[in-house]
Number of protein chains: 2
Amino acid sequence: MTPTLDDRGAQVLRLVVEDYIETAEPVGSRTISKKMGQVLSPATIRNIMADLEETGYLCQPHTSAGRIPTGAGFRYYINYLLARRELARSERDLLQKVTVEGVSGADDVVRHASRLLSNLSRHACVVVVSRYSHQALRSISLLRASSDRILLVAVLQGGWVQHRLIEEDAGLTTEELEKISGYLNEMAVGLTLPQLRVRILNEMRKEKARYDRLMRKALLLGSKALADSVPGEVYIEGRANILEQPEFAEDFQKLKRILHAFEEKSVILQLLDAALESDAIQVSIGSENPVEGLPDISVVASGYHQGETAMGSIGLIGPIRMDYSRVIPLVEYTAHLLSSVLEHR
Amino acid sequence: MTPTLDDRGAQVLRLVVEDYIETAEPVGSRTISKKMGQVLSPATIRNIMADLEETGYLCQPHTSAGRIPTGAGFRYYINYLLARRELARSERDLLQKVTVEGVSGADDVVRHASRLLSNLSRHACVVVVSRYSHQALRSISLLRASSDRILLVAVLQGGWVQHRLIEEDAGLTTEELEKISGYLNEMAVGLTLPQLRVRILNEMRKEKARYDRLMRKALLLGSKALADSVPGEVYIEGRANILEQPEFAEDFQKLKRILHAFEEKSVILQLLDAALESDAIQVSIGSENPVEGLPDISVVASGYHQGETAMGSIGLIGPIRMDYSRVIPLVEYTAHLLSSVLEHR
DNA sequence: AATTAGCACTCGAACGGGTAGAGTGCTAAA
DNA sequence: TTTAGCACTCTACCCGTTCGAGTGCTAATT
């Protein structure tokens, strides 16, 4: 599929991409010639660049400017030319420390990781926790919250806690509540929330004929609590990093589109969707990303999991001109870290 | 203190402010003359405006431009000249509906309100929930979260739920846990979280001499859970509205400062701090606000409460040139709404 | 056959002058 | 006290010029 380049072409492409990542300016033949130690003259480079332009890897913003990489150029770079710059020991330690230390719930873990990742990368970091619903239940408890409200607390496999208030007028005594709790627990443990929901609906059909008032109550409360599906959470840290990118500072329209996107949970979810199920890094460059109307950003994301279950994804959002050689190892490491920290919860 | 203006001066000031709020452009004498139905000629208006400039209510960005109001000008306008534009019935209904409907926890209530308020006002809306710690406890429960973690769930007066995971290696049985729960509950009910903390520390001192193992455990767990103070929450909705303001679209530096501020919880807390204790609307104009380095924004905020307890504040953040006549009633109504909705939780 | 020097060409950014227009302040008349 | 009149000021905008970076092409060189 992708046309393969000869060595020289590849090297020039690599240098152009890397220079452009660094400067955000079109790259000229002279610059590349210098970077190669003047093994080839600017004129030769020009010929090579003209070829690269024909192949679709480079383009010119206008006739008398240098070249900038196209989406395809970046794609080729990432697929074949990228030299990963692994994290420094100190960075790994920092991430590890911050992620583990002084945080209690699994929610805190991902938030801390996100914050730090955005700081280290100087890009906006997004974490999606979408798969509460894939985690098995460890326990369910019902607590009285007020005279007409009951609090259902669900502890999931691995540190996630969900709670929900249910309206409930029939004055249940503490003992009854405990009994109901017990019923629900018996049904629930080991199931996921959606599975529990289905089970409750089934039981309700059977139960109609039966007599146990409390069991009926248990089913009713359970079905109320699970009526709406479990929402995912989206945390975004370091949005303001977007402002530091010259391409967005100069083009206000692009900036607006991006910052608007950050306000819409659904858009963010779409952007990171591809990474959800996979443990491998997903990179979507510019118009490759699944959201129409955001052709100017790249997303580098990876799923993270808890035991066998995919739990969500973490990713960076920045300009197409991201420093992939650094950003990819960063995201990768953080995702692995999350997975391993969460495993022991 | 504040110099009082004669009728004409006040009217001109009012018209200048209102025109400037609308257009974001310096206002000329001709415009004002027209707005007054040409009762006075531009030349006269110029004299009046020159007076207003001397008094410090207006200023000129440069010699041959119209006038724009100073901070003091806005302050005078808000204190003495503002004509409130009350909300339409439909808006009140909408706010009421969205705030009450389909939400369960008190947290949801404020978030929904915030979102809607930002939409109605077209400004960024901030809600602070800082006073969990002022709410009395209704109940405390301990649940086993995993083999080495216990989940403490605290239900506060009025729909707020706090939970925290505590590391705990000594394998406690369910019965023991229940008993400990009971101990804590006895101590806790009716106290606020900080009060409970103090009480636990006191009891610990006394308890040292005594013998009850479970009671000691209860105190230990309680003190662990309450070690760090209760954090407040800050929700920001509609940040992107800032981008629609011409003054920020044109001045990138200002924009950056504001969006950076949104990333720092502490800055936001400072901005809304004055509103916390008070039920009355607080307006801080430009450099009046307590945060250095944000002289270009105004904050219109009000506290909201639950029963007798101040719970937090809700406010709008926008350019100095906000439409106060509309924004003030909006915030006021929403804050009252929050207070009344939360009261019945 | 590949490379390169040389050169004409193109385009954008930066600079400067000139103009139009909005708005002012001042003065003198009403 | 108000206002008409007028000179003045300043900005925004347009336009032409220049400068420089970078190109493509061609012909000479290796």
Side-chain angles (χ1 to χ4, degrees), chain A residues 5-13 15-20 22-70 73 246-247 249-251, chain B residues 5-13 15-17 19-20 22-70 73 246-247 249-252:
Chain A
L5 298 176
D6 57 20
D7 278 4
R8 282 196 334 188
Q11 198 192 353
V12 170
L13 177 57
L15 291 172
V16 172
V17 170
E18 284 169 3
D19 192 83
Y20 181 66
E22 201 178 315
T23 65
E25 299 285 323
V27 187
S29 54
R30 159 190 290 272
T31 314
I32 298 300
S33 170
K34 269 189 201 151
K35 285 211 174 189
M36 294 175 50
Q38 268 137 338
V39 182
L40 294 175
S41 76
T44 313
I45 303 292
R46 281 205 283 283
N47 289 326
I48 302 173
M49 284 169 109
D51 293 346
L52 286 171
E53 186 165 354
E54 227 163 275
T55 337
Y57 292 145
L58 295 181
C59 67
Q60 282 179 293
H62 56 86
T63 357
S64 77
R67 305 300 210 289
I68 63 178
T70 59
E247 46 266 72
E250 274 154 31
D251 188 329
Chain B
L5 298 175
D6 57 21
D7 278 3
R8 283 196 333 187
Q11 198 192 353
V12 171
L13 177 57
L15 290 172
V16 171
V17 170
D19 192 83
Y20 181 68
E22 202 177 317
T23 65
E25 300 285 325
V27 187
S29 54
R30 160 190 289 272
T31 312
I32 298 300
S33 171
K34 269 189 200 151
K35 284 211 174 189
M36 294 174 51
Q38 268 138 338
V39 183
L40 293 175
S41 77
T44 312
I45 303 292
R46 281 204 283 282
N47 289 326
I48 302 173
M49 284 168 110
D51 293 346
L52 286 170
E53 187 166 353
E54 226 163 280
T55 336
Y57 292 145
L58 295 180
C59 67
Q60 282 179 294
H62 56 86
T63 0
S64 76
R67 305 304 211 286
I68 62 177
T70 60
E247 47 266 71
E250 275 154 33
D251 187 330
F252 197 70

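What you see is a predicted model, and the numbers here were worked out from it, not measured in a lab. A, B, ... follow the sequence lines: proteins, then strands. Residue 1 opens every chain. All values below come from the heavy atoms of this structure, side chains included, with hydrogens, waters and symmetry mates left out.
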Who passes side chain to side chain donor-acceptor pair (under 3.5 Å) against A:Q60, sequence neighbours left out? none

Salt bridge (Lys or Arg N to Asp or Glu O under 4.0 Å) partners for A:E25, two or more places apart: none

If we ignore hydrogens and angles and just use 3.5 Å, is the side chain of B:T70 paired with the main-chain N or O of B:G56 as donor and acceptor? yes

Nearest 0.5 Å, what's the CD-CD1 distance between B:Q38 and B:I45? 10.0 Å

Between residues 31-40 of chain B and DNA chain C, which residues have a heavy-atom gap below 4.0 Å? none

Run the side-chain contact (heavy atoms from CB on, under 4.5 Å) test against A:N47 and tell me which residues pass, sequence neighbours left out. none

Using whole Å, what does the distance between atom C1' of nucleotide D:dT1 and atom CG of B:D6 come to? 13 Å

Partner set under salt bridge (Lys or Arg N to Asp or Glu O under 4.0 Å) for A:E53, not counting sequence neighbours: A:R67

Sort and list the pairs that fulfil salt bridge (Lys or Arg N to Asp or Glu O under 4.0 Å) and have at least one residue in residues 54-64 of chain A, not counting sequence neighbours. none

Does A:D6 have more than 12 heavy atoms from other residues, nucleotides or ligands lying within 6.0 Å of its CG? yes

For DNA chain C, which residues in residues 43-54 of chain B have a heavy atom at a distance below 4.0 Å? B:R46

By nearest nucleotide on DNA chain D, pick out whichever of A:R30 and B:S64 is the more 5' one. B:S64

Students should find that the nucleotides of DNA chain C closing off the region near chain A, any atom under 4.0 angstrom from a heavy atom, are C:dT3 to C:dG12

Distance check, rounded to the nearest 0.5 Å: A:I32 atom CD1 versus A:L40 atom CG? 11.5 Å

Bend angle of the helix from C:dA1-D:dT30 to C:dA30-D:dT1, end axes from five pairs each (to 10°): 20°

Return the set of residues passing side chain to side chain donor-acceptor pair (under 3.5 Å) with A:R46 (not counting sequence neighbours), or none when no residue passes. A:S29

Across all chains, not counting sequence neighbours, the side chain to side chain donor-acceptor pair (under 3.5 Å) partners of A:S64 are none

Test salt bridge (Lys or Arg N to Asp or Glu O under 4.0 Å) applied to A:E22 - qualifying residues, sequence neighbours left out: none

Once you round to the nearest 0.5 Å, how far does CZ of A:R30 lie from NZ of A:K35? 15.0 Å

